[in-house]
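Since the structure is predicted, the reported quantities are computational estimates derived from the model, not experimental observations. Order of the sequence lines sets the chain letters (A, B, ...), proteins ahead of strands, with each chain counted from 1.
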Amino acid sequence: MNKTLVISSIGLVTERDDLDSLLIDYGLRKKDIKRLTLGEKRLLTSCLRTLKKGNLVNKENSAARGGIIAGSNWGNVGSGFSEEEEALFNHNFMEASPMSLLKFVSSMPTNRCSITFGLNSVSVTFSGGETSGLQAVIEAARLLKTIGNVDFILAGSFEVLTESRLKLQRVLNTNGLKSILFRILVFSRLLLKKEQVFKYLWKFQGKDPALLGGAGTVLIEPLDKALKRGLERMNILGVIKRYSQFSIHHKIDAGLLQEQLTKMLNDNKEGSAVDAVISLHHPGKKNRGIEKKILKKTGFKGKFFCGETMVGENFSVSDIAAVAFAASLFNFTNMRRILINSFGQYSYTGLLIEKYHE
Amino acid sequence: MPSAGPAHAWWWKNMDKNKETRVVVTGVNLVTPIGLDKNEFWENAIKGIPGIKEITLFSTGDCYSKIAGIIPDFKYKGRLKLPFAEKFTRIYRSLFLGMDGLLEDAKIKPAGNNFIGLCLGQHSNPDNLNIWGHMTRRQVFKLREYLKVWEINDLAHKLAERYHLNGPAASFFGGCGSGAYALADAYYKIKNNEINQVIAGAGSLLSNVYFCLLDRLDFMSNRGCFPYDQRSNGLVLGEAVGFLFLESLEQAEKRGAHIYGEILGCGLWGEAESSALPLPTGAPLARAIENALDESGVDCEDIDYISLMGVSDPKTDINETMAIKKVFNQEAFHIPMSAITPYIGHSMGAAALVHTCAAFLMLENGVILPTLNLETPLAECDLDYTPREPVNKDIDTVMGIGYGYGGNNCVVIFRKKI
């Protein structure tokens with residue numbers, strides 16, 4: 001049960017990345033790539049990057065006991081890339097290809113990755129809201145700790161949202177309901193800031209399709225197995241120490257947050273203090289004040305990074321970007337312990353990672 | 001200082017982090033076409049009343065299949081004081097109803113300080129699909145509904161919010177094996193000493209979009225649900241909601257809860273070959289079964305009953321049988337097994353968990369529910385599927401099989417004796 005779990009590589013994909021060429025290089029046929037949804041393409045590419053960096057890209061090497069766990073806030077629907085989906089959106093669904101069905105299935109990107117890279121030990125898709133990225137890392141850590149027949153797990157997230165919003169917006173425009181939608185968007189705080197709501201709303205005229213979204217994965221493996229397969233110690237990006245999660249309903253429970261943060265920050269045998277907190281607040285900044293106050297109470301004196309400004313707001317993909325950011329801090333600074341706090345509209349997820357030392 | 005409630009605070013303080021926690025089930029509930037709670041389900045199941053009927057919920061148009069197991073319409077009058085309960089869509093009302101029954105069965109009062117987790121297996125949110133359907137036909141729909149399209153985890157979070165569950169809440173998607181994945185995750189959370197009470201649930205209701213697209217893929221039957229039978233020619237979809245209340249044995253004993261059984265282990269294995277059909281050899285499912293047996297420390301001869309998926313698709317049914325034979329060899333012919341699919345239809349994302357709920361009721365009542373509609377088995381399906389009539393038998397160790405397209409295989413082993 002007490003395994004040391006290490007992060008050995010990270011792969012990120014943004015909106016503007018060229019997805020096809022990497023996949024073609026890997027050996028996927030053009031016509032197969034054409035059939036993929038954007039979510040599938042993004043997750044495939046980020047997995048490929050992660051596996052390449054982790055020297056696990058050969059199917060023969062990785063097929064044996066690798067797994068994949070992917071989280072998403074928005075799911076798979078809405079690429080708007082394929083002809084079938086265009087047909088599905090623009091005409092009666094009975095005229096669309098029945099293969100459009102697969103686009104409604106949220107687990108398809110994960111399945112596609114497990115099929116392509118032979119990751120057959122665990123293949124799990126889930127959604128825990130905007131904090132799904134960190135939750136995927138936690139799920140992977142939990143499974144690696146508990147079950148013995150997995151050598152490594154790719155944990156990550158994918159987000160596809162803008163195209164579907166575009167389509168929705170077009171439909172709503174035709175119904176003359178745009179202004180009502182705008183008010184609902186503002187009041188329901190579905191997006192990060194009011195300015196963003198404005199920005200998106202006015203860009204939804206079909207000209208500028210995408211700013212958000214992407215995919216990111218981290219390779220997590222038990223230290224002994226990683227060393228056995230030949231991973232060099234200097235290439236280890238971080239060690240997963242602790243994690244914590246709970247639900248948020250309307251308002252964050254300050255007592256519960258204090259309990260969880262105290263547990264993560266102070267309850268460690270090594271006695272080492274946390275050097276930095278990377279704080280991601282997905283639905284808005286209303287919880288940041290509470291977070292800072294509680295961190296102060298727990299005696300935290302390290303650096304405090306606002307995640308949105310450091311890694312950008314890509315919903316669950318930001319969480320993976322925050323892990324990458326923490327890994328780079330380990331590399332370029334003297335920091336040894338970093339806590340990533342991710343606050344979504346419905347959930348809090350915290351992950352404490354440490355710089356690897358022998 | 002901690003606000004996580006007395007039970008959680010007590011557990012957190014006293015737990016031994018290096019000790020493996022035993023996980024037990026202390027609450028079961030089902031909402032199905034043949035019963036809106038576990039008692040009604042059991043009464044009708046024992047009588048052999050099937051719930052598959054002609055679809056009147058939506059127009060099936062030119063679809064080849066016209067039948068499904070639909071949860072009968074009901075007025076929600078549960079413990080949630082909802083002034084406009086009828087405004088909630090069917091999936092929400094069914095989940096609320098299932099959750100009410102579960103909490104009553106587990107004797108849990110939802111309050112703000114409950115640190116209870118929620119793992120919800122779902123195939124897709126039918127509300128979302130229905131709205132996509134509206135959109136494609138350029139119909140006007142309610143804006144309130146529109147907002148639901150945005151997030152795929154809406155159901156889990158809304159449930160957690162309504163029932164004041166403070167623990168982690170997430171939705172799991174693994175095709176038709178989603179429910180089993182949710183159960184496995186809930187089990188691992190408790191086993192790993194992260195939390196001591198988790199609700200594992202699954203819900204799947206039909207939407208016209210999904211039904212029509214699946215129909216066009218020629219996966220559906222117009223005849224009926226005949227698992228392992230020569231008459232089987234495709235799926236008959238169904239609706240169901242199932243919930244299990246999982247907690248650590250220590251916590252259950254402390255609060256004097258009724259224990260249905262203990263979960264011994266889970267086995268996960270992906271197929272990594274095809275996005276739709278299972279491998280014809282049954283090898284990946286066999287691997288999941290082996291993993292579950294390994295993890296739970298149970299031998300093949302200890303299994304008293306196997307809860308099958310039995311989706312009524314000949315290829316899949318044969319694959320399931322082959323996987324069992326591959327692991328159990330000759331022992332496979334002596335183990336009673338059955339699928340409750342002919343009662344309620346194939347409830348997709350909820351199927352594996354709902355079948356497990358039914359298996360817990362079988363453990364409790366000492367009766368094995370039969371595989372209805374099984375007259376002349378397929379040549380390859382030659383195991384003991386408990387056809388037609390229920391069988392009185394005290395069973396102790398049970399294996400529940402879950403699999404779905406995309407190659408998601410998940411097997412759970414549990415037993416009655418503690």
Heavy-atom side-chain proximity of B:N291 to A:I147 below 4.5 angstrom: no

Point-to-point distance, once rounded to the nearest 0.5 Å, from CG of B:N408 to OG1 of A:T110: 8.5 Å

Heavy-atom closest contact (B:A170 atom, A:F126 atom, distance): CB-CD1, 4.1 Å

Side-chain donor/acceptor of A:H249 to backbone N/O of B:L165, under 3.5 Å: yes

Side chains of B:K158 and A:Y346, donor plus acceptor under 3.5 Å: yes

Pairs touching residues 176-187 of chain B that satisfy salt bridge (charged side-chain N to carboxylate O under 4.0 Å, His left out), sequence neighbours left out: A:R142-B:D185, B:D185-B:K189

Per-residue contact mode, B:E161 against chain A (heavy atom under 4.5 angstrom): both

Closest non-hydrogen atom pair, A:G129 against B:H157: N-NE2, 3.9 Å

Trace of the side chain to side chain contact (heavy atoms under 4.5 Å, CB included) decision for A:S121 with B:W269: CA-CA 5 Å; A:S121 78; B:W269 195 259; 3.7 Å; yes

Closest-packed option against chain A by number of heavy-atom pairs under 4.5 Å, given B:A182, B:S178, B:G265, B:G167: B:G167

Under 4.5 Å from any heavy atom of chain B - which part of A:I68: neither

Partners passing side-chain hydrogen bond (donor to acceptor under 3.5 Å, both in side chains) against A:S247 (at least two apart in sequence or in another chain): none

A:L256 and B:F115, any side-chain heavy atoms less than 4.5 Å apart: yes

